[in-house]
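As a basis for the values below, the full set of heavy atoms in this structure was taken, side chains included, without hydrogen atoms, waters or symmetry mates.
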Amino acid sequence: MIYQSFAELYDELFDPAMYDQWLDFVTDRVDPTSGELLDLACGSGRLGVLLAEHGYQVSGLDLSEDMLALAAKHAEEADVALPLVAGDMMDLSVLGEYQTVTCFADSFCYLPDLTAVTQAFAQVHDHLAVGGQFLFDVITPHQTDDVYPGYMYNYVDDIRAFVWTSYGIEDETHAAEHDLTFFTQNPKTGEYRKVTELHHERTYPLADYQTALKQAGLTLKRVSADFGANEVTSETTRWFFEVTREA
């Protein structure tokens with residue numbers, strides 16, 4: 001394909017090792033025979049496919065039709081069942097009940113405010129079986145306030161280039177913007193096409209997430225760092241949450 005969508009370019013350049021780490025985080029905590037699993041904000045379906053290959057009965061939900069098309073393609077290539085739903089995590093009323101819900105890649109940080117995060121947690125509660133597990137991650141204020149401002153990543157090969165620049169936001173607490181730009185070459189003409197997207201992320205102090213989960217009727221069991229391998233410190237860049245629904 002000469003001209004690729006942003007979703008395809010992003011999918012191709014995303015670090016595949018992270019999907020293996022998310023997979024390990026889930027498989028260490030969830031028995032594949034325990035029941036249905038829903039992967040919220042499933043994106044291109046890379047994690048969903050891995051979970052299906054490991055025996056999980058997994059479905060995916062995402063807001064982006066482009067990402068869901070990629071997820072369907074990846075599932076077909078892997079010859080696994082991965083039911084997909086186009087939808088918003090703020091309203092899961094079209095879905096049934098799941099024994100496990102996952103949501104990774106700091107997807108909750110793309111919601112506009114803490115009220116929206118709490119509403120999304122409440123939706124998870126309403127579609128999580130009693131005794132079920134809710135596993136997710138978010139970036140920390142240390143990441144938004146200290147790591148992202150001035151961060152830059154560049155990638156170049158023979159036919160494309162990728163520039164990622166991150167900025168802090170002065171008038172918004174614990175927020176960052178990511179300016180993502182791809183240049184892809186038309187092999188017939190040698191001309192480059194520019195594709196850009198601006199991503200906005202916001203996170204909150206750990207106590208705010210704890211309160212939001214409690215308000216949603218969920219019970220927090222553990223918060224960790226490094227995909228569950230270590231305890232949280234002031235230098236932690238991403239929190240990993242293990243949550244249950246007890247009633």
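Both Leu84 and Leu50 belong to a single network of hydrophobic side chains, linked directly or stepwise wherever heavy atoms of I, L, V, M, F, W or Y lie under 4.5 Å apart. In the hydrophobic clustering of this structure, Leu47 groups with Leu82; members are Ile, Leu, Val, Met, Phe, Trp, Tyr whose side-chain heavy atoms approach within less than 4.5 Å, directly or through other members. Grouping the Ile, Leu, Val, Met, Phe, Trp and Tyr side chains by contacts below 4.5 angstrom, directly or via other members, places Val163 apart from Phe182. Hydrophobic clustering keeps Leu198 apart from Val195 (ILVMFWY residues linked when any side-chain heavy atoms are closer than 4.5 Å, directly or through intermediates). Note on Leu63: it does not cluster hydrophobically with Leu68, by side-chain heavy-atom contacts below 4.5 Å among ILVMFWY residues.
A donor-acceptor pair is defined here as one N or O able to donate and one able to accept, closer than 3.5 Å; such a pair exists between the side chain of Gln123 and the backbone of Leu92. One N or O on the side chain of His127 and one on the backbone of Gly96 form a donor-acceptor pair closer than 3.5 Å. The backbone N or O of Val49 sits nowhere less than 3.5 Å from a side-chain atom of His74 that would complete a donor-acceptor pair. Judged by distance alone, the side chain of Arg245 and the main-chain N or O of His125 form a donor-acceptor pair under 3.5 Å.
Using a 4.5 Å cut-off on side-chain heavy atoms (C-beta onward), Met67 and Ser44 make contact. Residues Trp164 and Tyr155 are not in side-chain contact: their nearest non-hydrogen atoms beyond the backbone lie 4.5 Å or more apart. Residues Gln133 and Ser34 form no side-chain contact, since every pair of their non-hydrogen atoms from C-beta on lies 4.5 Å or further apart. For the pair Ile139 and Thr144, the minimum side-chain heavy-atom distance is below 4.5 Å. Between Val26 and Leu37 there is a side-chain heavy-atom pair separated by less than 4.5 Å. Here the side chains of Arg193 and Asn186 are not in contact, with every heavy-atom distance at 4.5 Å or above. Residues Thr203 and Asp106 form no side-chain contact, since every pair of their non-hydrogen atoms from C-beta on lies 4.5 Å or further apart. A 4.5 Å side-chain heavy-atom check between Thr184 and Ile159 finds every atom pair outside the cut-off.
A distance of 7.5 Å separates CG of Leu206 from CG of Leu220, quoted to the nearest 0.5 Å. In this structure, CZ on Arg238 lies 8.5 Å from SG on Cys109, to the nearest 0.5 angstrom. To the nearest 0.5 Å, atoms CG (Leu61) and CG (Asp88) are separated by 8.0 Å. The line from SG of Cys42 to CG of Leu70 is 10.5 Å long, rounded to the nearest 0.5 Å. The structure places CG of Leu38 at 10.0 Å from CE of Met89, a figure rounded to the nearest 0.5 Å. With values rounded to the nearest 0.5 angstrom, Leu213 atom CG is found 4.5 Å from Phe121 atom CZ.
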Test side-chain contact (heavy atoms from CB on, under 4.5 Å) on Leu40 and Val101 and set out the steps.
CA-CA 7 Å; Leu40 283 179; Val101 176; 3.9 Å; yes

Step by step, would you call Phe227 with Asp24 a side-chain contact (heavy atoms from CB on, under 4.5 Å)?
CA-CA 8 Å; Phe227 297 87; Asp24 290 344; over 6 Å; no

Given side-chain contact (heavy atoms from CB on, under 4.5 Å), test Glu172 with Glu177 step by step and report yes or no.
CA-CA 11 Å; Glu172 190 174 356; Glu177 286 188 340; over 6 Å; no

Run the numbers on His142 and Glu235 for side-chain contact (heavy atoms from CB on, under 4.5 Å), then give the verdict.
CA-CA 7 Å; His142 171 58; Glu235 300 299 306; 3.5 Å; yes

Kindly determine whether Trp22 and Tyr19 satisfy ring-ring contact (aromatic ring centres under 6.0 Å, His included), including the steps that lead there.
CA-CA 5 Å; Trp22 281 314; Tyr19 293 116; 5.8 Å; yes

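For the pair Ala120 and Phe108, the tightest heavy-atom approach, listed with the atom from each and the gap, is CB-CE2, 3.8 Å. Across all non-hydrogen atoms, the minimal contact from Ala175 to His200 is CB-NE2, 4.1 Å. When all heavy atoms of Ser224 and Phe25 are compared, the closest pair comes out as OG-CE1, 4.5 Å. Of all heavy-atom pairs between Ala81 and Ala52, the closest is O-CB, 3.9 Å. Between Ala216 and Ala122, the shortest heavy-atom contact is CB-N, 3.5 Å. Here the closest non-hydrogen pair linking Arg29 and Gly228 is NH2-CA, 3.7 Å.
Identified under the side chain to side chain donor-acceptor pair (under 3.5 Å) test for residues 52-69, with sequence neighbours left out: none.
With sequence neighbours left out, Glu231 forms a salt bridge (charged side-chain N to carboxylate O under 4.0 Å, His left out) with Arg222. Residues forming a ring pair (Phe, Tyr, Trp, His ring centres under 6.0 Å) with Phe241 (at least two apart in sequence, or on another chain): Phe136, Tyr209.
For the pairing with Gln143, the side chain to side chain contact (heavy atoms under 4.5 Å, CB included) check across Tyr148, Trp239, Tyr151 returns one residue only, Tyr148. Screening Thr244, Thr100, Leu218 for a side chain to side chain contact (heavy atoms under 4.5 Å, CB included) involving Leu128 leaves a single residue, Leu218. Here the rule is side chain to side chain contact (heavy atoms under 4.5 Å, CB included) with Thr115, and of Leu111, Asp113, Thr118, Val117 only Asp113 fits it.
Side-chain contact check for His199 and Glu201: no donor-acceptor pair (N or O, by modelled atom type) lies under 3.5 Å.
With a 6.0 Å radius and a threshold of 12 heavy atoms from other residues, nucleotides or ligands, Glu170 has its CD atom at or below the threshold. Around CG of Asp157, the count of heavy atoms belonging to other residues, nucleotides or ligands within 6.0 Å exceeds 12.
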